[in-house]
Q: 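Right, I'll just put the structure down here and ask away after.
Naming: A, B, ... by sequence-line order, numbering from 1 per chain.
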There are 2 protein chains.
Amino acid sequence: MHDKMNHELNPRISADCVIFGFDLNTLNVLLIERETVVGLDTYKALPGDLIFEDEPLDTAANRVLNELTGLEDIYLEQVGAFGDPDRLSKPQDRAWLKAVRQDPDARVITIGYYSLVGMNNYVPQPASFARAATWIPIEEIGELAFDHREILDGALKKLKEKLTVQPIGFNLLPEKFTLSQLHRLYEAILGVELDKRNFRRKMLKMDILESLEERQEGVPHKPSQFYKFNEQKYHDLLKTGFDNFGF
Amino acid sequence: MHDKMNHELNPRISADCVIFGFDLNTLNVLLIERETVVGLDTYKALPGDLIFEDEPLDTAANRVLNELTGLEDIYLEQVGAFGDPDRLSKPQDRAWLKAVRQDPDARVITIGYYSLVGMNNYVPQPASFARAATWIPIEEIGELAFDHREILDGALKKLKEKLTVQPIGFNLLPEKFTLSQLHRLYEAILGVELDKRNFRRKMLKMDILESLEERQEGVPHKPSQFYKFNEQKYHDLLKTGFDNFGF
DNA sequence: CCAAAAGTGTTGAAGTTACACCCATGC
DNA sequence: GCATGGGTGTAACTTCAACACTTTTGG
């Protein structure tokens with residue numbers, strides 16, 4: 001800080017990242033596999049690790065994410081701080097901490113972050129330096145290491161809330177996408193069915209999508225129109241449109 | 001933690017509380033005055049301090065708040081973590097830290113919380129153990145210690161967002177209140193004018209207020225009807241009404 | 001009787017919901 | 001020609017925004 005910069009690990013603070021991806025069908029979360037030290041099993045955790053002393057929190061989250069998955073330079077939104085004194089007390093977790101941490105008994109508070117990325121932009125490579133990071137469909141995720149399940153739930157809740165008040169999630173899709181894909185994305189995140197016609201009307205009325213000439217090819221049904229997201233119009237809309245809240 | 005409980009201060013983590021109060025006219029925030037070590041001036045800060053090792057974050061926030069202001073057992077909502085490495089680097093702040101902290105150079109990450117309380121429930125007593133905690137009207141608050149201004153702004157933003165999606169803020173008012181007072185409260189928090197008739201209609205339609213027989217007395221104008229908040233109906237409404245978001 | 005705030009309705013516009021059929025393509 | 005998902009319109013209803021005058025009280 002201030003005068004003496006100090007590039008050492010801070011043994012008390014970590015950052016954990018909830019990275020959402022969408023494969024045009026279901027919502028996924030990027031998890032890393034950890035070998036349990038005791039058994040043969042692996043168990044799953046969010047990508048996360050201790051921060052450095054001289055590192056801003058969001059920088060740390062990005063660095064840790066990069067080290068564990070290879071993802072780079074992602075906009076991360078903070079979920080909040082998680083710091084129950086017993087959040088590291090499950091036997092599996094204790095074993096893992098003992099194996100890798102200098103001070104395995106330290107109380108660690110973690111700051112949760114989340115982000116949305118296109119699953120095509122990140123294809124996990126089992127053989128790479130990114131140790132086994134994999135996309136797991138969100139309905140298949142059960143218990144996670146530490147309190148990571150709670151962090152994931154918090155992130156999903158924030159994502160839902162945000163999605164209902166402003167259009168986001170375009171980075172979960174490829175550059176060119178169809179309205180049906182966007183529709184499925186919304187349904188996957190919110191976990192509800194949305195009327196097709198009303199959804200389309202609402203989306204198009206916002207005037208942040210640009211319809212391309214291009215259409216789907218090789219599909220065994222009427223080919224779908226491609227759209228792309230117009231970032232310029234989106235930002236104009238953000239300024240004017242979304243400040244005016246309910247009242 | 002886990003096996004060896006450890007009731008010592010955690011030198012790296014603090015909790016800061018943004019307590020909103022309403023005097024039936026303007027929105028206030030509870031701040032504590034700190035003597036600058038160097039000059040004669042005082043400067044203002046949020047009530048906050050380091051947490052204990054064995055203490056959950058929200059427990060810590062409540063304890064710290066109690067120690068500094070006397071307020072007890074408040075429901076605190078988390079704003080988030082604030083951890084810029086240079087958040088403690090202003091000269092005034094450094095001087096204060098050197099005077100009171102064991103390790104004044106440590107990097108401290110703080111968790112911000114906010115809450116709403118009735119200003120009548122808490123009348124600061126200059127002579128009490130609560131060192132000079134006072135209500136300051138929110139428009140009069142300028143710079144604060146550390147990054148407390150940023151925490152305050154974050155809390156206010158969350159409060160606004162929450163207020164626009166669900167009715168809250170009844171704990172900012174006395175038990176019996178008039179619709180005009182509630183109206184002023186909303187305007188004070190949101191910082192905008194709201195149409196009187198539309199506001200009343202909307203509030204009453206939610207059916208969470210109970211009109212009392214009682215009316216104002218001794219006012220030099222038509223006396224206003226008193227209402228009280230019906231918590232039961234509010235919770236019923238929360239279950240059914242506010243899950244259904246925009247889509 | 002004056003000042004001050006309380007209280008009250010209507011209208012037009014916008015937004016929301018619900019709902020069913022035809023279309024273009026590959027096989 | 002059939003299976004598949006793409007694409008379209010309308011009507012009833014609810015919500016929202018804008019707007020001005022009368023009432024009750026104290027002094």
Q: If a protein heavy atom is under 4.0 Å from the base, mark B; if only from the sugar-phosphate, S; if neither, -; do that for nucleotides 18-27 of chain D going 5' to 3'.
A: BBB--BBBS-
Q: So what does Gln225(B) touch, heavy atoms closer than 4.0 Å: a base, only the sugar-phosphate, or nothing?
A: sugar-phosphate
Q: For Asp23(B), what residues pass the salt bridge (Lys or Arg N to Asp or Glu O under 4.0 Å) criterion, not counting sequence neighbours?
A: none
Q: For Leu204(B) and dA6(C), give me the distance from atom CG to atom C1', rounded to whole Å.
A: 13 Å
Q: Is Ser224(B) close enough to dA5(C) that one of its side-chain N or O atoms is under 4.0 Å from OP1 or OP2 there?
A: no
Q: Rounded off to whole Å, could you give me the CD-to-P distance for the Gln181(B) and dG7(C) pair?
A: 11 Å
Q: Among all residues two or more places apart in sequence or in another chain, which pass the side chain to side chain donor-acceptor pair (under 3.5 Å) test with Arg215(A)?
A: none
Q: Could you walk me through whether Leu156(A) and Val18(A) pass side-chain contact (heavy atoms from CB on, under 4.5 Å), step by step?
A: CA-CA 9 Å; Leu156(A) 185 58; Val18(A) 181; over 6 Å; no
Q: Do NZ/NE/NH1/NH2 and the carboxylate oxygens of Lys157(B) and Asp153(B) come within less than 4.0 Å?
A: no
Q: Does Lys196(B) have any side chain to side chain donor-acceptor pair (under 3.5 Å) partners at least two apart in sequence or in another chain, and if so, which?
A: none
Q: Can you tell me the distance, in whole Å, between the OH atom of Tyr227(A) and the P atom of dG6(D)?
A: 12 Å
Q: Only counting residues at least two apart or in another chain, list the ones meeting side chain to side chain donor-acceptor pair (under 3.5 Å) with Glu150(A).
A: none
Q: Let me know the distance between CD of Gln216(B) and P of dA4(C), rounded to the nearest Å.
A: 16 Å
Q: Within this structure, what is the CE-to-P distance between Met203(B) and dT15(D), rounded to whole angstrom?
A: 15 Å
Q: Taking only the side-chain nitrogens and oxygens of Ser180(A), find out if one of them lies under 4.0 Å from OP1 or OP2 of dG5(D).
A: no
Q: For Phe199(B) and dA6(C), give me the distance from atom CZ to atom C1', rounded to whole Å.
A: 14 Å
Q: Which residue pairs satisfy the salt bridge (charged side-chain N to carboxylate O under 4.0 Å, His left out) criterion with at least one member in residues 171-181 of chain A, sequence neighbours excluded?
A: Lys176(A)-Glu214(A)
Q: Starting from P on dA5(C), measure out to CZ on Phe177(B) and report it in whole angstrom.
A: 20 Å
Q: Using whole Å, what does the distance between atom P of nucleotide dG7(D) and atom CZ of Arg184(A) come to?
A: 11 Å
